[in-house]
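Numbers restart at 1 for each chain; the letters A, B, ... are given by sequence-line order, proteins then strands.
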Amino acid sequence: MSLAEPEAGTGAGAEEAARAGSAARTGAAAASRPVSPLWSLGFLRSELITTFRRWRTLALFGVLALVPVLVGVAVKIETSGGGTVGGGDGDGPAFISQVTNNGLFLVFTSLAATLPFFLPMTVGVIAGDAVAGEANAGTLRYLLVAPAGRTRLLLAKFTTVLAFCLTATLVVAVSALATGALLFPVGEVTLLSGTSVPFGEGLLRALLVAALVAASLIGLAAVGLFISTLTNSGIAAMAATVGLLITVQIVNSIPQLHDIHPYLFPNYWLSFADVLRDPIYWDDLLKNLGLQGVYGAVFASAAWARFTTKDITA
Amino acid sequence: MAELTAADRSDDGTVISTEGLTKRYRGGQLAVDALDLAVPRGSVFGFLGPNGSGKTTTIRMLLGLIEPSGGTARLLGSPMPQGVRRVLPRVGALIEGPALYGFLSGRDNLLRLDAADPTADPRTRTARVGQALERVGLAAAAGKKARAYSLGMKQRLGLAAALLQPRELLVLDEPTNGLDPQGMREIRHLVRELADGGITVFLSSHLLDEIEQVCSHTAVMNRGRLVTQGTVAEMAAGARGRLLVTTPDPAEAVRVLKEHGVTDLTAEEDRVCGELPVPDGPEGAPPDPADLNAALVRAEVRVRSFGMERASLEDVFVSLTGEGFDVAG
């Protein structure tokens, strides 16, 4: 191939000018496009759809939905001979002995059973993969030159992770409610303080519990998102987030470390049981919400500070 | 409206310009060293360099993905990375190969990327995605999951993403990588067509043939530095041609040519190659090739063919970087 060919040297003046002219027209067309601020939400919508339609997310939901079914069936089998569960109050997840009296208690049992590890682990997967997964696949650079905007992208990711926290909790709660209603009698709910409330109010309290459990996951979601901005490997970010969760849970269970427990994000997680008192005991519930708020604000800010100044080399 | 856009583009005919652009990574590695690049509006600009010469780092700095550690980069007149939100909707890019969501179909991949652009109208999204798919020849495979795509199809989808909106500038990093010859020709044709439509194309490629065929301007990088930039024609002119003689008497031809000042003579079977003396060199004016031919015939060397072999861009490239396509250390 020789350089003397006419088409190789297109630097001819007239042609150049013609190109510049039409480029200006293209430019005018591009710059004069009217833009609606609402279009900015398009990416959040895309992020939600992409995450929730993904097979992996659906599999996580499936596993979460299975837990109450297993607990319910196990309780049914064990008590079918007329015995009690776990031989008394000390064993098994909270409320498990009440399940046979009222199916609604399966909701509380299932949430108490999944909250320490199972539920937060799924959050760790989604939050850890949020940014690092995109970096790993290389799609992050294409989103950023689209341009998604770094703050906008991170906001959409955080919102989606929070939406996942809520949905995952609801999946457990709804599956537990359905299983409980199917296998056990439902009716008036006897609260922990001994008073009875109608089933309708019991349901409302169950909904409040679900909302509080979902809110309990905010801290971990923010931590996971921050870890996600530190690495280009989705797997590493997921593993780190879940590893951190396990470590913190272990530290939280060592009595000698009692002094630092109030600062650990899972410390007040099981406080949701206080919703089942009459009147509701708000102290620990509010402490939990406050702690989640602080963790959320600190680690979301850290994620933002990291992500907006990071060199995207993946 | 026209005045507004003119003011918006205070780029005096340059779509990409950098001054002293430098990137030193943590750990001290100098990836790009004081780069002064100027890409004229309307050009098809070939960006060349061996692997590891800093091309990709430069492209990433131009697109606001990496923050320069020194110097400035302007894209369509706006400084980067500050101007990202304002400028990038008018720029289509293919960076270091395509990257797709394997679990989404080709069409859904494009819909997502288009949704990421806050200036993209959702009402025309489906139509624009359809046109982009059509344009790169992927319409038939649009419903397939992207993980089932071949590299060539992924490359096409990446190009389609760059064409979702009317663009002023396309930054294409190795756009024909992984394509079969037919696909390469189609992409080259597409690039020319886009350029004729007035879009400036900034093309990085390892295939020098490709640069020669489609580019009007070119720049060469080596070890983080800009070695040269200019029009392709200028670059070719800078490279001296070689004399090529085919003869059944190579030994005799070498002797005669040597007497006339031809250097670097090599004889392979019946082909004799040599370098003409440098103009204004110590021997004065270089000999006219016609005189050389006459001299050969006078010495009774039988000449089958006689001519100048024009330097290819590859020769220029190798002479500039001195290392062909080896990875820079």
Below 4.5 Å from any heavy atom of chain A, which atoms of [X] appear? Answer side chain, backbone, both or neither.
X: B/Leu100; result: backbone
X: B/Leu113; result: both
X: B/Arg60; result: side chain
X: B/Asn109; result: neither
X: B/Tyr25; result: side chain

(message) Measuring only between side-chain heavy atoms, which start at C-beta, is A/Phe118 closer than 4.5 Å to A/Val172?
(response) no

(request) Would you indicate whether the side-chain heavy atoms of A/Thr241 and A/Phe226 approach each other to under 4.5 Å? (result) no

(message) Check the orientation of B/His217 and B/Phe45. Use parallel for under 30°, tilted for 30 to 60°, and perpendicular for over 60°.
(response) parallel

(request) Please look at A/Glu134 and chain B and tell me whether the side chain, the backbone, both or neither of the residue comes under 4.5 angstrom of a heavy atom of that chain. (result)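 The answer is the side chain of A/Glu134.
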
(request) Could you tell me which portion of A/Arg152 (side chain, backbone, both or neither) has an atom closer than 4.5 angstrom to a non-hydrogen atom of chain B? (result) side chain

(message) Please determine whether a side-chain nitrogen of the Lys or Arg among A/Asp311 and B/Arg26 lies less than 4.0 Å from a carboxylate oxygen of the Asp or Glu.
(response) no

(request) Taking all non-hydrogen atoms of both residues into account, name the closest pair between A/Ala210 and A/Thr169 and its distance. (result)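 Looks like O-CG2, 3.3 Å.
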
(message) Below 4.5 Å, heavy-atom pairs only: which of B/Gly158, B/Ala162, B/Gly97, B/Pro81 has the largest tally toward chain A?
(response)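 The option with the most such pairs is B/Gly97.
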
(request) Could you tell me which of B/Leu169, B/Leu111, B/Leu94 has the largest number of non-hydrogen atom pairs under 4.5 Å with chain A? (result) B/Leu94

(request) Tell me, out of A/Lys310, A/Arg53, A/Arg45, A/Arg150, who's got the most heavy-atom pairs with chain B below 4.5 Å. (result) A/Arg150

(message) Between A/Thr229 and A/Arg306, is there a side-chain donor-acceptor contact under 3.5 Å, judged purely by atom types and distance?
(response) no

(message) Quick one about B/Thr200 and B/Arg41 (side-chain donor to acceptor, distance below 3.5 Å, no hydrogens or angles considered), yes or no?
(response)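 The criterion, which ignores hydrogens and geometry beyond distance, is not satisfied for B/Thr200 and B/Arg41.
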
